[in-house]
Amino acid sequence: IVYGCTFGFIAAYMAPVMLERGLTVGAFFTAFTASIFAVRLGLLGLVENIDRRLVVAGGAAALATGISLAALATTMPMVIAAGLVFGLGHSIGFPVISAWVCDGTPPEQRATPLALFNATFFAAITFVALPASVGIGRFGYVPVMVGIAALGLALAVLMIAAWSRRFRRP
């Protein structure tokens with residue numbers, strides 16, 4: 001849900017946020033994409049020996065940090081940093097969750113857990129738009145972005161706290 005809500009917010013509102021500030025929209029998305037490619041083409045291998053729960057929680061924390069940086073971005077370097085950090089979070093967590101939901105499932109039955117994960121992810125993407133729109137209309141972009149980031153960070157901390165006694169190497 002954290003991954004879907006943060007991705008949904010970025011997809012729906014990052015362009016208007018950047019345009020309102022007179023910043024180039026493409027800078028965030030180019031940095032986001034570059035980060036995804038860098039992680040998936042090599043850096044993802046670095047986290048394969050880290051407990052998946054830490055990777056997923058760390059990805060959620062990076063998503064929250066990326067949105068926070070974007071909320072405060074007033075210069076192009078800040079926008080690029082926000083895109084890089086957000087892309088890092090999305091790119092390390094999403095594929096790990098995709099693999100994790102299939103653990104212990106025979107290959108011929110993996111479509112079901114993957115479908116449920118993807119349905120949840122896309123439902124969260126869709127869900128975030130309306131409440132965010134209402135919040136933006138009332139409070140503006142920055143408070144809503146900081147609120148979404150705080151929620152993502154709180155959930156990451158809760159994940160780590162809930163799992164802290166069970167961390168193990170895969």
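- Distance SG/Cys5 to CD1/Ile67: 9.0 Å, rounded to 0.5 Å.
- Hydrophobic cluster membership of Val146, counting Ile, Leu, Val, Met, Phe, Trp and Tyr whose side-chain heavy atoms lie under 4.5 Å apart directly or via other members: Val142.
- For Tyr3 (side chain) and Ala60 (main-chain N/O), a donor-acceptor pair under 3.5 Å exists by modelled atom type.
- Of all non-hydrogen atoms in Gly83 and Ser35, the two that sit nearest each other are O-CB, 4.4 Å.
- Other residues sharing a hydrophobic cluster with Phe37 under the 4.5 Å side-chain heavy-atom criterion for ILVMFWY residues are Leu41.
- Evaluation of the ring pair (Phe, Tyr, Trp, His ring centres under 6.0 Å) rule for Tyr13 yields Phe9 as partners, not counting sequence neighbours.
- For Phe94 and Phe7, the distance between ring centers is not under 6.0 angstrom.
- For the atom pair CG (Leu63) and CD1 (Ile92), the distance works out to 8.5 Å, reported to the nearest 0.5 Å.
- Rounding to the nearest 0.5 Å places OG1 of Thr65 at 6.5 Å from CG of Leu153.
- Here the closest non-hydrogen pair linking Val101 and Leu114 is CG2-CD2, 4.0 Å.
- Atom-to-atom distance recorded for Thr6:OG1 and Ile148:CD1 is 8.5 Å, nearest 0.5 angstrom.
- Shown here are the side chain to side chain contact (heavy atoms under 4.5 Å, CB included) partners of Thr112, two or more places apart in sequence or in another chain: Leu116.
- In this structure, Ala61 and Ala156 approach most closely via the heavy-atom pair N-CB, 4.0 Å.
- With side-chain heavy atoms closer than 4.5 Å counting as contact, directly or through intermediates, the hydrophobic cluster containing Leu69 also holds Val85.
- Between the CG atom in Asp103 and the CZ atom in Arg110 there is a gap of 8.5 Å [rounded to 0.5 Å].
- Grouping the Ile, Leu, Val, Met, Phe, Trp and Tyr side chains by contacts below 4.5 angstrom, directly or via other members, places Leu84 apart from Leu46.
- Hydrophobic clustering, with ILVMFWY side chains joined whenever heavy atoms are under 4.5 angstrom apart, groups Val39 together with Phe121.
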All N/O donor-acceptor pairs, side-chain side in residues 14-34, below 3.5 Å, sequence neighbours left out:
residue : atom : partner : partner atom : Å
Arg21   : NH1  : Ala70   : O            : 2.7
Arg21   : NH1  : Ala71   : O            : 3.3
Arg21   : NH1  : Ala73   : O            : 2.8
Arg21   : NH2  : Ala71   : O            : 2.8
Thr30   : OG1  : Gly26   : O            : 2.7
Thr33   : OG1  : Phe29   : O            : 2.8

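- In this structure, CD1 in Ile125 is found 11.0 Å from OG1 in Thr120, a value given to the nearest 0.5 Å.
- Residues Leu72 and Met78 share a closest heavy-atom pair of O-CE, 3.0 Å.
- Between Ser91 and Arg40, the side chains place a donor N or O and an acceptor N or O closer than 3.5 Å (distance only, hydrogens not considered).
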